[in-house]
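Have a look at the structure below before the remarks.
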Amino acid sequence: AMIGTGTPGIGSNFMVNLREIEEHIGGVLVGDNISINSLTTPDFPLKNSIAVITSRRLLKQVVISDIAAFVIPEEFGSDFDKPVILVYNIQQAMQQLIDIFYPVCDTENYRAETAIIGSNVTIHTPSYIGEFVTIGDNSEICAGTYIDNKVSIGDNVSIGEGCKIYAGVYIYHNSIIGNNVVLNHGSVIGSDGFGYINGEKGHTKIRQVGNVVIEDDVELGANSCIDRATLNSTVIGQGTKIDNLVQIGHNVRIGKHCIIVSQTGISGSSKVGNFVMLGGQVGISDHINIPDKTIIAARSGVTGNIKKSGVYAGFPIMEHVTWLKNMLSLRHLYKLKKEVDALKRSGMCK
C-alpha cells in the first residue's frame, strides 16, 4: 500500500513522516519525526526532502544541505543535527524509498482527453497521445510514433514548438522536450536507467523514477537512447547534436552545443561541459567530469576526470600530441625488436 497522501513531487501535497519511512525500510530513526514530501539526491537539495548518503565523503551534506532528513548506513553513527534513519543495507533502503515516493500505478493505455495540442500541429496515424501530454505549435508527429499513457511514454510528456518527432520514436513519461527539437527514427527518450543491486542471489533492479530534459534546438540521431535519471533529470543541453546509435546513461548531464558522434556511450552520472566534441565510439565511464571545449578523438576511452580543456585520444586517454607520438613509435616497434634480437645473438646485450 502507498504511504502518505497525494502524488509525490516538488510542490505537491504528498506527505509522509519519518516514522512511517522508518517502519517501511526497517531502519532506526534518530531525531525528530518530521514530515517529508519528496526524495532527492545529496547534490540536488530540496526543502522537505529526504536523501540517501552512501559514502563518508558525502556526510558533510547532512550538515550544510537544505535537505531535511537523511538515510545513512548504521556504521556512520547518529551524531547529527538533522534527523537520520540508520539502516543496515543502504542500497536496499534506496529501492524501498523509491517505492514509497513513486508507487507503481497500473492503468490502461488510452488516447487522453487531457492532451493539449498547439496550433498548426500535424499528427500522422498511427500515433497515440497520452495523459496530460502537451505539444507546442508547428510541431509534427510522424506515422508510427507512440505517445501513450504508461507503456511507451508515460503521462505528462511536454513537447515544445517547432519539433519534429519521426516514426518509431518512444518518449517515456515526464520527459520534457524543448523547442525546435528533432528526434530521428527509432530514438528512445526516458527508458529505464541501468541500475541494479548485486547480491548473493542475483541482481535486483533499482527503479528509475526521474526523467529526461532535452533543451531547445537539440537533434537526436536514429536509434539513439537517453535513459531517465534514477531520481532527478538526465539533461541534454541547448543546441547539442547527437548522431545515430549513441547511448546516454542515467543522470548524465550534457552541456550546450556539444557534438556527440555515432556509437559513443556515456555512463551514468557523468557531466559533459559546453561545446565538447566526442568522436565516434568514444566510451566514458560513470561519474566522469569533462570540461568545456574539450575534444576527444574517435575510439578513445575516458576512465578518469579530465582536469583541463584540450584535445585527447587513446585508451586510456592522453593528450592527442602524445598519443600521435606513441602511435608513430609503434610503427617502428617490430624493427626495433629485430635489432635487439640481433644484438642478443651477437652477445652485445642480454
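Numbering starts at 1 and runs along the sequence shown.
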Side-chain donor-acceptor pair present, Ser224, Asn244, cut-off under 3.5 Å: no
Are the side chains of Cys163 and Asn180 in contact, using a 4.5 Å heavy-atom criterion? no
Please identify each residue that fulfils side-chain hydrogen bond (donor to acceptor under 3.5 Å, both in side chains) with His203, with sequence neighbours left out. Asn198
Which residues pass the salt bridge (Lys or Arg N to Asp or Glu O under 4.0 Å) test with Lys201, sequence neighbours left out? none
Mind checking what makes side-chain hydrogen bond (donor to acceptor under 3.5 Å, both in side chains) contact with Gln95, not counting sequence neighbours? Asp99
Can you name the salt bridge (Lys or Arg N to Asp or Glu O under 4.0 Å) partners of Lys293, sequence neighbours left out? none
Close side-chain approach of Leu183 and Ile214, heavy atoms under 4.5 Å: yes
Strictly by ring pair (Phe, Tyr, Trp, His ring centres under 6.0 Å), give each pair with a member in residues 261-305 just once, sequence neighbours left out. His257-Phe275
Who pairs with Ile176 by side-chain contact (heavy atoms from CB on, under 4.5 Å), at least two apart in sequence or on another chain? Asn211, Val213
Counting only heavy atoms not in Met277 (residues, nucleotides, ligands), do more than 12 fall under 6.0 Å from its CE? no
Can you name the side-chain hydrogen bond (donor to acceptor under 3.5 Å, both in side chains) partners of Asn326, sequence neighbours left out? none
Which label fits Tyr172 and Tyr170: parallel for a plane angle under 30°, tilted from 30 to 60°, or perpendicular past 60°? tilted
Side chains of Asp227 and Ser191: is there a donor and an acceptor less than 3.5 Å apart? yes
Applying side-chain contact (heavy atoms from CB on, under 4.5 Å), can you list everything that pairs with Asn138, at least two apart in sequence or on another chain? Asn120
With Arg299 via salt bridge (Lys or Arg N to Asp or Glu O under 4.0 Å) - residues at least two apart: none
Could you list the residues that satisfy salt bridge (Lys or Arg N to Asp or Glu O under 4.0 Å) with Asp292, not counting sequence neighbours? none
Can you name the side-chain contact (heavy atoms from CB on, under 4.5 Å) partners of Pro45, sequence neighbours left out? Ser65, Asp66, Ile67
List in chain and number order the residues that pass side-chain contact (heavy atoms from CB on, under 4.5 Å) with Ile288, two or more places apart in sequence or in another chain; answer none if no residue qualifies. Ser270, Ile284, Ser285, Ile290, Val302, Asn305
